[in-house]
8 protein chains.
Amino acid sequence: NRQDFPEVIYCAGKTNQQIAEIFLNLFNHSQKNIIASRATKENYEAVLKLVPTALYDEAARIIYVQRDNTPVDDKRFILVLTAGTSDIPVAKEAGLTAQLMNNKVEYCFDVGVAGIHRLLARKDLIDKANVIIVAAGMEGALASVVGGLANKPVIAVPTSVGYGASFGGLSALLAMLNSCAAGVAVMNIDNGFGAGRLASMINHMR
Amino acid sequence: NRQDFPEVIYCAGKTNQQIAEIFLNLFNHSQKNIIASRATKENYEAVLKLVPTALYDEAARIIYVQRDNTPVDDKRFILVLTAGTSDIPVAKEAGLTAQLMNNKVEYCFDVGVAGIHRLLARKDLIDKANVIIVAAGMEGALASVVGGLANKPVIAVPTSVGYGASFGGLSALLAMLNSCAAGVAVMNIDNGFGAGRLASMINHMR
Amino acid sequence: NRQDFPEVIYCAGKTNQQIAEIFLNLFNHSQKNIIASRATKENYEAVLKLVPTALYDEAARIIYVQRDNTPVDDKRFILVLTAGTSDIPVAKEAGLTAQLMNNKVEYCFDVGVAGIHRLLARKDLIDKANVIIVAAGMEGALASVVGGLANKPVIAVPTSVGYGASFGGLSALLAMLNSCAAGVAVMNIDNGFGAGRLASMINHMR
Amino acid sequence: NRQDFPEVIYCAGKTNQQIAEIFLNLFNHSQKNIIASRATKENYEAVLKLVPTALYDEAARIIYVQRDNTPVDDKRFILVLTAGTSDIPVAKEAGLTAQLMNNKVEYCFDVGVAGIHRLLARKDLIDKANVIIVAAGMEGALASVVGGLANKPVIAVPTSVGYGASFGGLSALLAMLNSCAAGVAVMNIDNGFGAGRLASMINHMR
Amino acid sequence: NRQDFPEVIYCAGKTNQQIAEIFLNLFNHSQKNIIASRATKENYEAVLKLVPTALYDEAARIIYVQRDNTPVDDKRFILVLTAGTSDIPVAKEAGLTAQLMNNKVEYCFDVGVAGIHRLLARKDLIDKANVIIVAAGMEGALASVVGGLANKPVIAVPTSVGYGASFGGLSALLAMLNSCAAGVAVMNIDNGFGAGRLASMINHMR
Amino acid sequence: NRQDFPEVIYCAGKTNQQIAEIFLNLFNHSQKNIIASRATKENYEAVLKLVPTALYDEAARIIYVQRDNTPVDDKRFILVLTAGTSDIPVAKEAGLTAQLMNNKVEYCFDVGVAGIHRLLARKDLIDKANVIIVAAGMEGALASVVGGLANKPVIAVPTSVGYGASFGGLSALLAMLNSCAAGVAVMNIDNGFGAGRLASMINHMR
Amino acid sequence: NRQDFPEVIYCAGKTNQQIAEIFLNLFNHSQKNIIASRATKENYEAVLKLVPTALYDEAARIIYVQRDNTPVDDKRFILVLTAGTSDIPVAKEAGLTAQLMNNKVEYCFDVGVAGIHRLLARKDLIDKANVIIVAAGMEGALASVVGGLANKPVIAVPTSVGYGASFGGLSALLAMLNSCAAGVAVMNIDNGFGAGRLASMINHMR
Amino acid sequence: NRQDFPEVIYCAGKTNQQIAEIFLNLFNHSQKNIIASRATKENYEAVLKLVPTALYDEAARIIYVQRDNTPVDDKRFILVLTAGTSDIPVAKEAGLTAQLMNNKVEYCFDVGVAGIHRLLARKDLIDKANVIIVAAGMEGALASVVGGLANKPVIAVPTSVGYGASFGGLSALLAMLNSCAAGVAVMNIDNGFGAGRLASMINHMR
Ligand SMILES: Nc1ncnc2c1ncn2[C@@H]1O[C@H](COP(=O)(O)O)[C@@H](O)[C@H]1O
Ligand SMILES: Nc1ncnc2c1ncn2[C@@H]1O[C@H](COP(=O)(O)O)[C@@H](O)[C@H]1O
Ligand SMILES: Nc1ncnc2c1ncn2[C@@H]1O[C@H](COP(=O)(O)O)[C@@H](O)[C@H]1O
Ligand SMILES: Nc1ncnc2c1ncn2[C@@H]1O[C@H](COP(=O)(O)O)[C@@H](O)[C@H]1O
Ligand SMILES: [Mg+2]
Ligand SMILES: [Mg+2]
Ligand SMILES: [Mg+2]
Ligand SMILES: [Mg+2]
Ligand SMILES: [Mg+2]
Ligand SMILES: [Mg+2]
Ligand SMILES: [Mg+2]
Ligand SMILES: [Mg+2]
């Protein structure tokens, strides 16, 4: 059924050898898509030796196999927004995760609040989306603005982008938690995977 | 339409006079339900003088008028869980908010992880729910356990319940943000209203 | 000359007696305006006994005497914006301070980012202002949006408005420090006086 | 006697030379087991030149000599649980420490709360154990669940496993300190050695 | 059996009415001791009306009924130490909890490290104790010194005693977590109950 | 017009390739100065291949093209002060930014408060400056002293210079936010660019 | 001998009864001065009943008896400086403590760094003093400036004076710890007593 | 005169070239000792080329020239204590600094509180010392114990030795600030230089 969740491997803290073996095992004993998140190029090379059809998205840091052919509902898409270009890796981790869970995903990068008209110019996308993911570092203000524009669930992912008093994403995290816009929920700093997973759950609700 | 959102007043930092007047104004110029959150008994007495049909839920700290007769879909309910009894006010803020937005709400209190069998005994409720809200203070572990048991969106609300190193809810907040269970999103500390609002949005998706 | 700065008393931590005597002293030995900030009603009553012409602005918590008749340049005004109604006291502390330093001040309250169109509707004011002060609590996002819309100095004052993870204004403070909009400088939490003082300095530059 | 404690060297901040010499000295002047914790492979190579019978457990980062033949009480064992695979090094530091102090140790890895049934499936082990050590990072919730299931001392070791708002183990540390389950005591982040030492003390009580 | 645990009510956040009813219920349906912790005098007066034999220890903030006549093993006692006089309430919460769980308890107050000879003068007590609880605020150093003197489990309870950079007990908490003495485990700030409970568990091990 | 702002590229988190292309694009499609901040030598080499007239200031970490010939008002200069020599890179980032925005800039390094007479010896510069930027790490006290000496806007930039309890610039940041001198506004830690940009805005006001 | 230390009672957390009895006891069994710090007026009234010659300094919050007639060396004095008027209570706690330990004490209030000339005007006092205590809140910069002016020990006491990002004295504490002036040592926030005690020790060295 | 202070260079953040030139300059234009602190071996090699008589203490990280022949008062010595071996570099930075300022220095390493008898065995040294420096990381408890044993100034230097919840020295810093022993003052984390400088000042008082 649509809710079917791909098998997921979290690579951080695992050896190439471990990752490749778990990947092969999932490949052989399931028919689902496979996601290995937080994967390095080296991890990918190890997987490739055992599973030659595995693909790698460097920006999203995901190794994957996409073999689930369930048709995707093109009218219900997840919109992934970023405040800046440095937030794109987190956005792609979220987007590819959602895509591998059979969702249509649209992206819109670099629409941070310091140039609010770039965001407003994409109001149509915000209006048509079914669920929205916002990845933003520094002051994390994009989540509140989008939360105010959209009458639908907004999943806010603070990123560790920034320096000084951004304290590794703390600044964006606190801002998003304190959002004065209703309908905004927050993930851990840089947790694109979790955002994609939750957005997929919501997007498949009927 | 179902998505129709009641009018909401956030009482903290407003005078009795201000609250009562805004309430009356909404009452006169809209046909929607009305929610005044974080309201004290004194706030209520002031409102009552201008809007005699207003009701007050002391636990939830909400003054409200419920006049929207849109039929509620009884098969899709929001489940609100708490770890302890002290988390109940936050849970009720969430639940009544969702109810006033035309959702069926079920509660299940005091199912914290230190007595995991009380939670497991309610696995049926978790399975039947459409969206789940978890309110927990102290170590906030309930969100992770529920996130693992449920294949549906879980909205985690850390509460300020606790003492010492709970640091006013920080402990539960960090725990929930770091949840190893997929599908868990986090609200601000004690933000029952936001959780109810988001749960309602998700629950109305078709 | 225009830069002339009124005499200022910071009341917090002073007794009624001390405040009244310093106030009288300034009143007798200077021709400037007088500002006593962070003043309570009780402080005012004590001052009034010694200086019957003293006025009190309760919202701004300022006792003052305005006797400097230097004409104010009406074409160069300072705009004071707030995200919500609870930020108004800080905004008024800033505004009245600037006014007593011979500036024209305009206010625009409750234009927080969760309803971005209310802010955009006042784009004319932003365009015409010479200097802008933004007072916002919670996620403090208004400073970034205004900083992006305005090509002029923006003085951001985080307020202690909020609860939970706002940590007494820390959330807004960090957000403002990390603003991705150029031209934004930050004051201490709730420091309306400092914002008004700096805005006045900038507004008088020729 | 049973309480006899092996000699312990804390390697962090010592040179290869220093470690090897202290190790040799203990080897020559005592009959006890020897533990050198937080040891690198390089440390081991230096020790090996002076004490050829020394062994090295890479996962536990411990160099040791086991020569104490006091029989171990097999009916009283210490159970070491981990939430995930990345917590295993800390768990092994604890386990090997306890073992070198003449305790039987059982391990059970990867029984984190997001999959509570894997933990419940090992309820028998929890029931039979005399003392339990729980190593968990991220949200650290495992300690509370185990504390609730077990009527025996639970020693909780927060690990630095996680990212973003785990803040190097702070999240798990706070969660464990705030555990609502009675009988849970907490060690420093990643302090497997201390947990093994305390568990051994308790396990030898008669 | 000896491990039998009294029934416990945590009063913080419960009404007089709720506490009295739960207390009466436990009184009627069990034969165990009853502990109601964090109780105020008002709580006690409410309980007294329903359970006239209930007692109250104001320092320990505990309402209790002691009716379990299991003989206590007088040779195995729990020693409760405090650094200063202000730590006594926490020490008594720990001690009375342990006593109501059928343990002999000895106290030794005001033996903080700034006068180390007062502590050393009680070395005999430390040597004879089976388990030790240390309650200390400010710099929390007593736990380390005792941990070094004693070859037995030490349960350290940081207290919120202090001012300035003690940050409500954080200073003592961090110090205790970083104790360089082996065998020291840490409880939440001011958690005397948890310390007494764990000490009792350990003291009953055979 | 004078307010004309150069095009700015923030290099952190961009590839050499991306930076060089954006730089070339700005070079070809605008007549303004170009600033690429937080640039490494490697970044510069990539830019140089596409834009041979680009220059690099290693201390300021800025790649730039200066081709705007608007005459600079030499009577209104921005003064950039540092407490120590390690603060110079931040000061130069601020100064070069302002210079590329058509401002005259004067520097005065190593006038920290521990040798107050070195600062007082430059009182003339402080008096003549139109706007002042203060870059200081460690205790950040220079901002307050300068704020007290100068009756003009002071832009304080905390730097990450220091060790131990400077916590990466937090110490200087908090000190500057709490400055008891009126007219001091604060930027993010190490944000020389923002300080230069704001100083330029203020310096061009008429 | 001169080093003779008065008897000291720390009143915080003691009852009137306890304080009065300890005071009387010291009064009867010693010939030294007596200091009871952090004392309220109520504490004093209780003491007065038992020791009619006891005095009370309200600002310093000290109850004392001064009966030690050892002649004081008038050429070696301790200088106590404050940044503002709100720091005076801490300064007086330090000064009276030192005085009761047989030191000559000079005060100089309100010489904060925002008006550096008021401080420089008292350079003679700084030059003549033997030891200097600096009490300052907010940005705590006075310690560094004095440390630079004086070639003698400077004891810095951060005070909790301030608001917002002063975080109860944290701002001044960090600033003082990071002082770039050599010879500055730091006490706990508001710890005037400790500063007076240490200054006295140093002042009596020969 | 005795108070004469050597010339000091703080090497962190300076180039080899800069350090060598400043060193040579001081060497040529003064007759005092020279200290270059926080120096690397590379820094030393650069200095050596210009000043062949310069020496380097690797543990203390100090390059120095000792040519001041003022006789040292051998009866007044500064005692430098450490809790562990990892604190020795900080202790040596303090000790060599004091020595180069014409003080006799005694060391006593590894006398941490977990083995209190090793400290008590050196009570004679504590009694004879004129000033004491305590360097300790982790729980920093040594400062309090020494402060209680000694009736003389104790300068506490928290070190960054530790892991987990030591948070880079914060744990020891807070413990030392909260010391319940009178006469203890605190330096920045790892600031051996400052401790040596202040100890020297005090040791030269007559
Ligand atoms: N990038 C990520 N961040 C957080 N959690 C993740 C991430 N990727 C995978 N996970 C979770 O980690 C689990 C797999 O962990 P493991 O069994 O250690 O490979 C999955 O079920 C996911 O819920
Ligand atoms: N609300 C305020 N916040 C921060 N600083 C203030 C405030 N009001 C006045 N001040 C400053 O405090 C100084 C007066 O302090 P005082 O001499 O203690 O009355 C003035 O010169 C102002 O710079
Ligand atoms: N002072 C205390 N601190 C922490 N936990 C406590 C305390 N007193 C009781 N508890 C725990 O709280 C539980 C009872 O909570 P409740 O059901 O809310 O009354 C008990 O089983 C104890 O484990
Ligand atoms: N290790 C150190 N930690 C803190 N301050 C130091 C240290 N070494 C030297 N200093 C101070 O730094 C000043 C020299 O700084 P600089 O002019 O940058 O070389 C000296 O006067 C000392 O007061
Ligand atoms: Mg919305
Ligand atoms: Mg789930
Ligand atoms: Mg702008
Ligand atoms: Mg248990
Ligand atoms: Mg021990
Ligand atoms: Mg000024
Ligand atoms: Mg000095
Ligand atoms: Mg002492």
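Order of the sequence lines fixes the chain letters, A, B, ..., with proteins taken first and strands second; residue numbering starts at 1 for each chain.
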How close do A:Cys180 and C:Ala114 get, heavy atom to heavy atom, and via which atoms?
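Residues A:Cys180 and C:Ala114, closest heavy atoms: SG-CB, 3.8 Å.
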Closest approach of A:Met138 and C:Asn178, non-hydrogen atoms and distance?
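Smallest interatomic distance, heavy atoms only, reads CB-O, 3.5 Å.
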CG/A:Leu170 to CG/C:Leu170 distance, rounded to the nearest 0.5 angstrom?
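Those atoms lie 7.0 Å apart.
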Quick one: pull up CD1 in C:Ile116 and CD1 in A:Ile116 and give me the separation to the nearest 0.5 Å.
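It comes to 4.0 Å.
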When you look at C:Val145 and A:Val145, which way does the side chain to side chain contact (heavy atoms under 4.5 Å, CB included) test go after all the steps?
CA-CA 9 Å; C:Val145 176; A:Val145 177; 4.2 Å; yes
What part of A:Phe167 lies closer than 4.5 angstrom to a heavy atom of chain C: side chain, backbone, both or neither?
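Side chain of A:Phe167 only, per the 4.5 Å heavy-atom cut-off to chain C.
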Quick one: what part of A:Leu142 sits under 4.5 Å from any heavy atom of chain C, side chain, backbone, both or neither?
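For A:Leu142, neither part sits under 4.5 Å from chain C.
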Partner chain A: residue of C:Gly164, C:Ala83, C:Gly137, C:Ser179 with the largest heavy-atom pair count (under 4.5 Å):
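Looking at each option in turn, the highest pair count goes to C:Ser179.
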Heavy-atom pair count under 4.5 Å with chain A, highest-scoring of C:Ala165, C:Ala172, C:Gly112
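Option with the top pair count is C:Ala165.
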Within the side chain of C:Glu139, is there an N or O that forms a donor-acceptor pair under 3.5 Å with the backbone of A:Ala141?
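No: the side chain of C:Glu139 does not pair with the backbone of A:Ala141.
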